[in-house]
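Shown next, in structure tokens, is the structure this report addresses.
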Amino acid sequence: LVVGGVVARVFHGAMATDAIVSPMLQIGGMTLGPLERVVMAAGAGFHEELLFRVGLFGGGAWLISQATKDKSRAEWIAAPIAAVVFSAAHYVGALGDHFTLASFTFRALAGLWFTLVYRFRGFAVAVYTHTLYDLFVFFAG
């Protein structure tokens with residue numbers, strides 16, 4: 001709820017809320033039942049956090065810090081990269097969503113939010129935050 005509200009506020013006045021929220025309800029054009037929604041939310045929560053926060057953000061920050069010897073700067077560089085790749089991944093493949101700048105930007109900002117959760121609260125909290133957010137989107141939409 002917090003991430004959706006905060007990210008939507010960033011767009012307030014610049015873009016219509018419907019342009020931000022409705023693309024988030026797409027699942028490759030498929031209609032999902034309740035059990036499928038729960039499984040998809042839990043799977044995305046775990047796998048996306050593992051790939052994008054642990055792998056891309058954590059691994060990327062580590063690699064950058066090895067080159068720069070500056071962990072803080074490395075995290076500042078790795079976070080937006082991981083967020084943009086996280087967002088872009090939602091548009092790839094046969095089940096990928098239709099690209100709009102609003103949904104891409106929303107997801108990139110959400111990716112930054114999940115990165116902050118991961119960085120300051122840990123992997124498990126990032127996973128269940130992501131899962132709960134997806135459940136909210138899947139059932140409220």
Quick one: is the NZ or CZ of Arg37 closer than 6.0 Å to the six-membered ring centre of Phe139, and within 45° of its axis?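 Yes.
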Does Arg53 count as lying over the ring of Phe86, i.e. NZ or CZ under 6.0 Å from the six-ring centre, within 45 degrees of the axis?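 Yes - Arg53 lies over the ring of Phe86, closer than 6.0 Å to its centre and within 45° of its axis.
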Side chains of Thr129 and Tyr118: donor-acceptor distance under 3.5 Å anywhere? no
Just by distance, do the side chain of [X] and the backbone of [Y] share a donor-acceptor pair under 3.5 Å?
X: Ser103; Y: Thr100; value: yes
X: His130; Y: Ala126; value: no
X: Glu36; Y: Gly33; value: yes

Could you please spell out the steps behind the side chain to side chain contact (heavy atoms under 4.5 Å, CB included) verdict for Val84 and Ser87? CA-CA 5 Å; Val84 166; Ser87 182; 5.7 Å; no
Could you state whether [X] and [Y] fall into the same hydrophobic cluster, counting links through intermediate Ile, Leu, Val, Met, Phe, Trp or Tyr residues with side-chain heavy atoms under 4.5 angstrom apart?
X: Val38; Y: Tyr133; result: yes
X: Phe114; Y: Val137; result: yes
X: Val39; Y: Phe46; result: no

Between Glu49 and Tyr128, is a side chain to side chain contact (heavy atoms under 4.5 Å, CB included) present by the stated rule, with each step listed? CA-CA 10 Å; Glu49 293 310 307; Tyr128 68 70; over 6 Å; no
Validation row: [X], [Y] side chains within 4.5 angstrom (heavy atoms):
X: Phe57; Y: Glu75; answer: yes
X: Phe52; Y: Val85; answer: yes
X: Thr131; Y: Met40; answer: no
X: Glu48; Y: His90; answer: yes

Show your working on side chain to side chain contact (heavy atoms under 4.5 Å, CB included) between Leu56 and Leu51 and close with a plain yes or no. CA-CA 6 Å; Leu56 198 55; Leu51 178 63; over 6 Å; no
Looking at every non-hydrogen atom in both residues, tell me the closest pair between [X] and [Y] and how far apart they are.
X: Thr115; Y: Ala79; answer: CG2-CB, 4.0 Å
X: Ala41; Y: Phe138; answer: N-CE1, 3.7 Å
X: Phe123; Y: Leu50; answer: CE1-N, 3.6 Å
X: Ala83; Y: Ala108; answer: CB-O, 3.3 Å
X: Gly60; Y: Ala78; answer: C-CB, 4.1 Å

Distance in Å, [X] [atom1] paired with [Y] [atom2], rounded so as to fall on 0.5 Å steps:
X: Ile77; Y: Asp70; atom1: CD1; atom2: CG; value: 8.0 Å
X: Leu116; Y: Leu112; atom1: CG; atom2: CG; value: 7.0 Å
X: Leu109; Y: Arg107; atom1: CG; atom2: CZ; value: 12.5 Å

With under 30° as parallel and over 60° as perpendicular, where do the rings of Phe104 and Tyr91 fit, or are they tilted in between? tilted
